[in-house]
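Reading through the structure tokens given below for one structure.
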Number of protein chains: 2
Amino acid sequence: MSVKCINCPLRKSDLFHKMSSETLEFMQRFKVGEMEVEPGTPLLSEGSNAPQLYTALSGMGLRYKLLENGSRQVISFVFPGDFLGLQAGVMKEMTHSVEATTAMKLCVFDRKELWSLFRTIPDRGFDLAWLAATEERFLGEALTSVGQKSALERMSWALARIFRRLKATTPAAGDLVRLPYRQQDLADALGLSLVHTNKTLAKLRERQLATWSDGKLSVPNLARLEELALIENPELPTRPLM
Amino acid sequence: MSVKCINCPLRKSDLFHKMSSETLEFMQRFKVGEMEVEPGTPLLSEGSNAPQLYTALSGMGLRYKLLENGSRQVISFVFPGDFLGLQAGVMKEMTHSVEATTAMKLCVFDRKELWSLFRTIPDRGFDLAWLAATEERFLGEALTSVGQKSALERMSWALARIFRRLKATTPAAGDLVRLPYRQQDLADALGLSLVHTNKTLAKLRERQLATWSDGKLSVPNLARLEELALIENPELPTRPLM
DNA sequence: CTCTTCCTATGTCCTAGTTTAATGCCTGCT
DNA sequence: AGCAGGCATTAAACTAGGACATAGGAAGAG
């Protein structure tokens with residue numbers, strides 16, 4: 001049975017600051033359905049122009065870009081609540097690919113119909129702007145981390161960001177969260193080699209700042225980790241009421 | 001005398017794909033005025049929440065983030081036609097700073113009033129989405145360059161991108177464009193040291209792919225430069241008519 | 001149970017890129 | 001003219017991080 005947008009726990013979370021019921025009812029109308037995918041399923045691919053947009057309901061994935069030389073840049077990690085495929089709806093094509101790393105449940109919207117939402121409820125242009133600003137903020141931070149920080153600082157940054165984000169959408173868990181990524185994924189996200197990623201994780205472990213093992217991340221002292229990561233503004237951005 | 005939006009050559013350029021006169025007339029109403037600034041003037045700063053938004057009419061600048069350890073990441077270069085300060089309008093505060101590197105002429109809009117534009121002309125949510133997607137595309141590409149490419153590839157990438165962008169808004173110039181940046185700015189954009197930036201520029205010069213000197217960039221063979229830069233999609237995104 | 005495959009772990013060596021520092025070249029100031 | 005400050009350039013010494021090699025554990029296949 002399909003979840004109604006108005007009841008969707010994701011959109012009620014602090015992160016999205018309780019979207020107006022007006023918007024939620026409207027989204028409901030254009031919801032095409034739900035979709036479950038296996039781990040490893042490609043959801044969107046660079047250069048494509050899929051007619052559908054998704055929001056992640058559960059499970060995780062990653063966004064990445066491939067280069068001709070074979071290397072891969074992981075752009076960001078995908079968590080429940082994330083919106084996928086907006087690019088394809090606006091530009092001719094996606095500029096990165098998205099892939100599930102666990103089984104995922106997705107909410108599917110028809111792109112063309114969704115545009116009419118933004119036409120019909122003008123205020124919703126604000127939701128779009130917020131989404132954009134959030135994305136820009138994150139990418140700017142990632143760029144700064146990869147461009148200016150040491151391996152240890154970068155790794156701390158990534159783990160701290162992932163940890164906070166997961167705790168915001170996954171209610172349970174103490175200082176331990178489940179993380180369906182390989183060290184290679186982390187390496188590709190941070191611009192490090194797999195080997196060096198491993199060594200850096202070892203360093204964090206022996207300093208007791210973060211432990212990554214068996215698809216589980218444990219952060220006993222988030223504040224210290226964020227300090228090491230040179231994170232100036234640790235709180236996640238939440239959508240204001242405008 | 002203040003330029004009317006409807007006559008603004010920037011918004012008529014291919015890059016922005018001739019915005020509708022409807023939008024332009026509307027923007028005109030909320031234009032507060034124009035502003036000229038000296039080289040070196042800070043326009044927006046990280047953490048601030050200025051009540052005004054700008055579009056660059058002429059001149060250039062750069063967006064950057066500072067870290068506690070003193071290093072600086074240049075996020076992007078600002079050229080005529082760019083929109084500045086959207087973040088502050090949506091989130092509580094700017095996550096990067098913007099500074100003029102030449103004398104600049106700016107068009108000033110009141111943030112609150114501009115929002116009402118998006119409320120009143122619903123379709124304009126699309127402009128916003130396009131702006132966002134363009135930004136996301138660029139930042140993703142920058143991240144991929146800094147994360148995965150060699151110094152020579154990164155430098156080629158930056159110069160090729162800058163060159164194309166400038167030729168799109170600056171009508172004149174053959175294979176030569178004016179570039180008011182220091183090598184340190186390039187270094188901070190690409191995550192390289194100043195010295196290595198200089199060496200890399202020398203390499204490009206001796207290969208006759210690009211010459212940077214005295215605030216002028218010359219690219220005799222853009223296609224070869226873009227090939228070296230591993231750029232898969234050289235054309236700049238232009239706003240579709242939706 | 002063994003073979004295989006995928007991932008994590010660690011050590012050694014080496015290169016791309018950093019740091020520091022010295023030199024020279026403009027441009028503006030007095 | 002003479003000096004000062006900002007920027008480009010080059011060289012030399014150093015180091016963070018990469019490449020390669022190798023090994024170990026977990027999980028599935030037969």
Side-chain angles (χ1 to χ4, degrees), chain A residues 38-40 62 67 69-74 99 101-102 145-159 178-207 210-218 228 230, chain B residues 38-40 62 67 69-74 99 101-103 145-159 178-206 210-218 228 230:
Chain A
E38 296 295 296
L62 39 86
L67 266 70
N69 66 24
S71 62
R72 176 184 69 153
Q73 175 71 41
V74 168
E99 177 177 314
T101 58
T102 61
S145 295
V146 173
Q148 308 296 331
K149 294 178 188 171
S150 74
L152 197 65
E153 290 163 345
R154 272 183 254 184
M155 183 61 74
S156 307
W157 173 77
L159 296 185
R178 198 173 135 41
L179 258 201
Y181 303 107
R182 290 165 305 155
Q183 296 192 358
Q184 184 67 58
D185 297 327
L186 268 183
D188 289 347
L190 298 177
L192 296 175
S193 72
L194 173 59
V195 176
H196 201 220
T197 296
N198 188 287
K199 285 175 184 168
T200 307
L201 282 172
K203 245 178 234 169
L204 282 178
R205 193 185 321 127
E206 78 197 18
R207 291 201 197 182
T211 314
W212 171 292
S213 86
D214 197 30
K216 284 182 185 64
L217 169 66
S218 148
L228 175 55
L230 301 175
Chain B
E38 297 294 298
L62 37 85
L67 266 70
N69 66 23
S71 63
R72 175 184 72 152
Q73 176 70 40
V74 168
E99 176 176 314
T101 59
T102 62
S145 297
V146 173
Q148 308 296 330
K149 294 177 188 171
S150 73
L152 197 64
E153 290 163 344
R154 269 182 256 184
M155 184 62 73
S156 308
W157 172 78
L159 295 185
R178 198 174 135 42
L179 257 200
Y181 303 108
R182 292 165 305 156
Q183 296 192 358
Q184 183 67 59
D185 297 327
L186 269 183
D188 289 347
L190 297 176
L192 296 174
S193 72
L194 172 58
V195 175
H196 202 223
T197 295
N198 187 288
K199 284 179 190 164
T200 307
L201 282 172
K203 246 179 232 168
L204 282 178
R205 194 184 318 129
E206 78 196 19
T211 313
W212 170 292
S213 85
D214 196 30
K216 284 183 186 62
L217 169 66
S218 150
L228 176 55
L230 301 176

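The analysis underlying the following values was restricted to heavy atoms, covering all of them including side chains, and did not include hydrogens, waters or symmetry mates. Residue numbers start from 1 in every chain, and the chains themselves are labelled A, B, ... in the order their sequence lines are given, proteins ahead of strands.
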State plainly whether the residues B/Arg72 and B/Asp185 are in salt-bridge range, i.e. N to O under 4.0 Å.
yes
Against B/Asn198, only a single residue in B/Gln183, B/Gln184, B/Lys203 fulfils side-chain contact (heavy atoms from CB on, under 4.5 Å); can you say which?
B/Gln183
Whole angstrom value for the distance that separates P of D/dA16 from CG of A/Leu152:
12 Å
May I ask you to say what A/Leu192 touches in the nucleic acid, namely base, sugar-phosphate or nothing, with a heavy-atom cut-off under 4.0 Å?
sugar-phosphate
Please report the distance, rounded to the nearest Å, between CZ in B/Arg154 and P in C/dA16.
13 Å
For B/Gly215, which contact category applies under a 4.0 Å heavy-atom criterion: base, sugar-phosphate, or nothing?
nothing
Would you say C/dT8 has OP1 or OP2 under 4.0 Å from some side-chain N or O of A/Asn198?
no
From CG of B/Leu194 across to C1' of D/dA8 the rounded distance in Å is 8 Å
Rounded to the nearest angstrom, tell me the gap between atom CH2 in B/Trp212 and atom P in D/dT9.
11 Å
d(NE2, B/His196; P, D/dA12) in whole Å
16 Å
Provide, to the nearest angstrom, the distance between the CD atom belonging to A/Gln148 and the C1' atom belonging to D/dG17.
16 Å
Once you round to the nearest 0.5 Å, how far does NZ of A/Lys216 lie from OG1 of A/Thr211?
13.0 Å
Would you mind classifying the nucleic acid contact of B/Ser213 as base, sugar-phosphate or nothing, using non-hydrogen atoms under 4.0 angstrom?
nothing
First locate atom CG of B/Leu190, then atom NE2 of B/His196, and finally report the distance between them rounded to the nearest 0.5 Å.
11.5 Å
Please compare A/Lys149 and B/Gln183 by the position of their nearest nucleotide in DNA chain D and report the one closer to 5'.
B/Gln183
Using whole Å, what does the distance between atom C1' of nucleotide D/dA8 and atom CG of B/Leu204 come to?
16 Å
Is a donor on one side and an acceptor on the other found under 3.5 Å between the side chain of A/Glu153 and the backbone of A/Leu228?
no
Side chain of B/Val195: nearest nucleotide among C/dT10, D/dT9, D/dA11?
D/dA11
Can you check the B/Arg182 CZ to D/dT9 P distance for me, whole Å?
14 Å
